[in-house]
Amino acid sequence: MAESAPVITIDGPSGVGKGTVARLLAARLGWHLLDSGALYRLVALGARRRGLSLDDAAAVAAYARGLPAEFREAAGGGEVRVLLEGEDVTDAIRTETVGNDASRVAALPAVREALLDRQRDFRRPPGLVADGRDMGTTVFPDAPLKLFLTASADERARRRHKQLKEKGIDVSLPDLLSEIAERDRRDRQRAASPLVPAPDAVVIDTTALDIPGVMAEVERHVRRVFGPAAGGG
Ligand code: DC
């Protein structure tokens, strides 16, 4: 039974490091990985390419329901490749423009509904690490371990800036900060599955932590919930 596979949900705002933490944790446990943000990004990119208006909820939701996308998991925790209609769009979905469009389509309840089963299909033995905004509240409300990562908007803008710079993309820090603030506002205030911690989520403030620091904290909770054998080193 798919439902019997355990799930660890990792939710939080943009730029908090969820993606990295989810990837490292899934690789270490040997579990599957769901990057749910990639699904919203794929819907945004595909809808644009088809010339759909992002305000046309019915059309975008219909597209999302049949989303012609595929995730190719690499063995041993390598990067997951993302295909849209057979084309590798792993990098194309990471731009700030697609991120902003994704935040818009993610505000449409019909689109969220259309992606529910697709996300739940990722729950397969031996387990799933699911990264997003509403993994613990809406998609996997029965997950035995729910983590919610936070960090100040300033710190998240700095992290994103560094990441983009490493890729050779030069964006101004103030612009990035205002974009992050705008996206946060939209993600938190939308009526459908807003970005809030589940009542039973563990909130980890990562503002003053590096990735190993966050991982140590995460592993501590994994051991607490799944026993010492799952905790790793
Ligand atoms: O995590 P990300 O930046 O790839 O997410 C892109 C957008 O999708 C972001 O603005 C919020 C939205 N999103 C969502 O609403 N629910 C999720 N489970 C994941 C992402």
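Read the numbers this way: they start at 1 and go in the same order the structure lists the ligands and their atoms. We count residues from 1, following the sequence as given. Below, each value reflects all heavy atoms present in this structure, side chains not excepted, and no hydrogens, waters or symmetry copies.
- For atom 3 (O) of ligand 1, the nearest non-hydrogen atom of the protein is Arg41 NH2, 2.8 Å.
- Defined by atom type and a distance below 3.5 Å, a donor-acceptor pair is missing between the side-chain atoms of Ser53 and Asp56.
- Looking only at distances, no side-chain donor or acceptor of Asp134 sits under 3.5 Å from a matching main-chain atom of Thr137.
- Note on ligand 1: Arg186 sits outside its first shell, no heavy atom being nearer than 4.0 Å.
- Every atom of ligand 1 is numbered from 1 in the order shown, and the set under 4.0 Å from a heavy atom of Asp187 is 9 (C), 10 (O), 11 (C).
- Of the residues listed (Leu29, Val225, Asp131), the one engaging Ile8 in a side-chain contact (heavy atoms from CB on, under 4.5 Å) is Leu29, and it is the only one.
- Counting protein heavy atoms only, atom 1 (O) of ligand 1 is closest to Arg133 NH1, 2.9 Å.
- Protein heavy atom in closest approach to atom 20 (C) of ligand 1: Gly37 CA, 3.5 Å.
- At the shortest separation from atom 16 (N) of ligand 1 among protein heavy atoms lies Arg112 NH2, 3.0 Å.
- Less than 4.0 angstrom separates some heavy atom of Met135 from each of these atoms of ligand 1: 18 (N).
- No option in Asp175, Leu176, Ile169 other than Leu176 meets the side-chain contact (heavy atoms from CB on, under 4.5 Å) test with His161.
- Under the 3.5 Å distance criterion, the side-chain polar atoms of Arg159 are matched with a main-chain donor or acceptor of Val16.
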